[in-house]
Amino acid sequence: MQWIVDGVYLAVAVLFIVGLKAMSSPAKARRGITWAGVGMVLATLVTFLVPDMQNMALIVVAIVLGGGVAWWAGRVVKMTDMPQMVAIYNGMGGGAAALIAAVEFARGEVHGPVVATLAVLGSLIGSVAFSGSVIAFLKLQGIMNKAFRLPAQNLVNIALGVAAIGLGAWIVTSSVGAGTANAWLLVLFFVLALVLGAVLTSPIGGADMPVVISLLNAFTGLAVGFEGYVLGNPTLIIAGIVVGASGTLLTQLMAKAMNRPILNVLFTPITGEAQAGGAIEGRMKEMSATDAAALMRYSEKVIVIPGYGMAVAGAQHKVWEMAKLLEDEGVEVKFAIHPVAGRMPGHMNVLLAEAGVPYEKIFDLDEINAEFPQTDVALVIGANDVVNPVARTDKSSPIYGMPILDADKARNCIVIKRGRGAGYSGIENALFYADNTSMLYGSAQQAVADVIAQLKELG
Amino acid sequence: MTDVLYLYIFMLAAFTGYEVISRVPVILHTPLMSGSNFIHGVVLVGAMYALGHATTPLQIALGFLAVLLGAANAAGGYVVTERMLAMFAPKTKKKLPAGEQGA
């Protein structure tokens, strides 16, 4: 029996790696997830054949319950809410890894210093990933709105981290020979690790969120790999460590796209209050849908900059309808996507593709920024921080240095926005006060529908 | 000796993970994160081991919770990734209704 199990596990490891590889290329990405999915089903089924397995009924019940609810939730959730679903599922994986270590300690099966060290590290990282991801979920879901920041936040982080590691080292030394450790010591350790994850994540907000989720994803991978060592299961080691390594690289790529070093993301989070710089000059000017429609209708070139506001309003179909109307009148329409538009890299591309916008009309920041000075109208729909020129000019601003789309360099700029408030990160946007900017207030869905109606009237 | 072998697996897996996604376009960052989130859902297998060898009520409770969470990670991770990547499919189909795809 064991050889079947081992053989299947080997095949599963291959499927995971090949699947992940395919997922990094647009043409093969869908095949990739299918292969990985086949691997997961095989791994789960063959595990039932492992000799001496008890509690089979309970295992089945837990899989059906946990898997069923998660499957259903993943099906019904809106495309815009995907990022927080990734966060919460990732947290569950981290929690599972930590619980595996807890079970092994309870069984007294943690033998030898290497196994004990990895069990402790895995549960520390897994617990941090769990509570951190739950906080990330609550923030993206809008349940937890304010960035929560302790006085001397970094000191608290370091103190908690040192305490958790110290306690972990104590557990490792006391478990040598015994195969387990004092139960209260373990409980305290897990509580500390969970608190650390929550405290570390709660002050982080705004555009930094995707980087944090990616980092926590890499953490869970490592935790899974470490617990794989504890259990002596190579599939867990390979899958976990491969995800840990690729997740770390992906986190770096994302952080680079935003010009935010990872350490800054964690230790000097973007918050509105951090802004010290002087008040913004000028005032906001309002524009009607009629004027906006006319301005764009008689332009030569319009660049649409979609942001999270468009995604929330589900306005991508309307926006594409408007773009087609403009194109019928001979206006050149392009879509400019900031690397972190829609809370996550690539998220906005997915939403536009869903609405039917062809790929060749969608441009990255690097590709399109030089075109703004020759553009008649930059139409900003529900985007804010990613077009804030303060990032270029004001050294005291928390988003200083972040690459932005140069909407302010277009001849005219129309901003569709729900209200007058500041953006997701709480920073005032100088673009809204610029002379060539006009505000079109309303939800993205309604405002664009109004523009479409006016365009049709212009004929 | 097996302990050392496992450490070799660690090292090789780390290099593999780094190499495997070295050239990835920005549009795939989110789906790829989601996909790797699914792959570490294999923690389910470890959780099954843990529950499968649990004896006391405490161990069983912890193990049950581990399987529950692990299964959610795997199933949810798959669905979410699959839905994201489905958006990359209609590239050929979209040519047909190009004119009248309103609403």
Side-chain angles (χ1 to χ4, degrees), chain A residues 16 20-21 23-24 29-30 33 36-37 40 43 47 53-55 58-59 62-63 66-67 70-71 74 85-86 89-90 92-93 95-97 99-100 102-103 106 214 217 220-221 224 227 229 231 236-243 245-247 249 321 339 344-347 349-350 353-354 356, chain B residues 3 6 9-10 13-14 16-18 20-21 24 26-30 32-37 39-52 54 58-59 62-82 84-85 87-89 94 101-103:
Chain A
F16 280 165
L20 197 62
K21 170 92 191 148
M23 271 188 267
S24 60
R30 299 189 75 214
I33 185 66
M40 191 67 74
T47 304
M53 288 279 278
Q54 310 294 317
N55 307 320
L58 274 179
I59 293 179
I63 291 178
W71 185 277
M85 297 312 284
V86 175
Y89 293 141
N90 171 53
M92 290 173 168
L99 284 164
I100 291 172
V103 174
S214 176
N217 186 43
T220 304
V224 171
E227 300 311 335
Y229 187 95
L231 296 169
L236 255 70
I237 300 180
I238 294 171
I241 299 298
V242 163
V243 169
S246 64
L249 177 62
E321 191 186 342
M344 284 221 172
H347 189 207
N349 304 65
V350 167
E354 182 197 30
Chain B
D3 275 10
Y6 281 137
I9 298 180
F10 264 105
T16 308
Y18 216 82
V20 108
I21 65 151
V24 50
V26 175
I27 54 163
L28 278 175
H29 279 178
T30 298
L32 185 63
M33 184 204 313
S34 179
S36 59
N37 175 40
I39 287 177
H40 69 52
V42 74
V43 69
L44 169 61
V45 166
M48 290 168 72
Y49 264 85
L51 179 53
L58 173 70
Q59 293 166 17
L62 292 172
F64 184 81
L65 199 56
V67 176
L68 199 76
L69 293 181
N73 181 183
Y78 181 85
V79 171
V80 168
T81 312
E82 212 266 336
M84 283 187 196
L85 290 175
M87 299 304 163
F88 289 85
K94 109 203 157 217
Q101 209 197 356

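Keep in mind that the numbers below use all heavy atoms, side chains included, and drop hydrogens, waters and symmetry copies. Lettering of chains follows the sequences in order, A, B, ..., and the numbering in each one begins at 1.
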Tell me, out of [options], who's got the most heavy-atom pairs with chain B below 4.5 Å.
{"options": "A:G95, A:A106, A:A97", "value": "A:A106"}
{"options": "A:A62, A:G74, A:A43", "value": "A:A62"}
{"options": "A:M53, A:E227, A:M40, A:Q54", "value": "A:M40"}
{"options": "A:N90, A:I237, A:L58, A:N217", "value": "A:N217"}

Bottom line for B:I39: the part with an atom under 4.5 Å from chain A's heavy atoms is both
Of the listed residues ([options]), which shares the most heavy-atom pairs with chain A below a 4.5 Å separation?
{"options": "B:S34, B:A66, B:A72", "value": "B:A72"}
{"options": "B:N37, B:V45, B:L62", "value": "B:N37"}
{"options": "B:V42, B:V80, B:V67", "value": "B:V42"}
{"options": "B:A50, B:S36, B:A74", "value": "B:S36"}
{"options": "B:L58, B:I9, B:L51", "value": "B:L51"}

Can you see which heavy atom on [X] is nearest to which on [Y], and at what distance?
{"X": "B:N73", "Y": "B:H40", "answer": "OD1-ND1, 3.0 Å"}
{"X": "B:Q59", "Y": "A:V103", "answer": "O-CG2, 3.9 Å"}
{"X": "B:G77", "Y": "B:T81", "answer": "O-OG1, 2.6 Å"}
{"X": "A:A96", "Y": "B:G70", "answer": "CB-N, 3.8 Å"}
{"X": "A:A70", "Y": "B:A75", "answer": "CB-CB, 4.5 Å"}
{"X": "A:T220", "Y": "A:G93", "answer": "CG2-C, 3.5 Å"}

Interface moiety of A:L231 toward chain B, non-hydrogen atoms closer than 4.5 Å
side chain
Measure the acute angle between the ring planes of A:Y229 and B:F10, then classify it against the limits of 30° and 60° as parallel, tilted or perpendicular.
tilted
To the nearest 0.5 Å, atom CD1 of A:I100 lies from atom CG of A:L236 at 6.0 Å
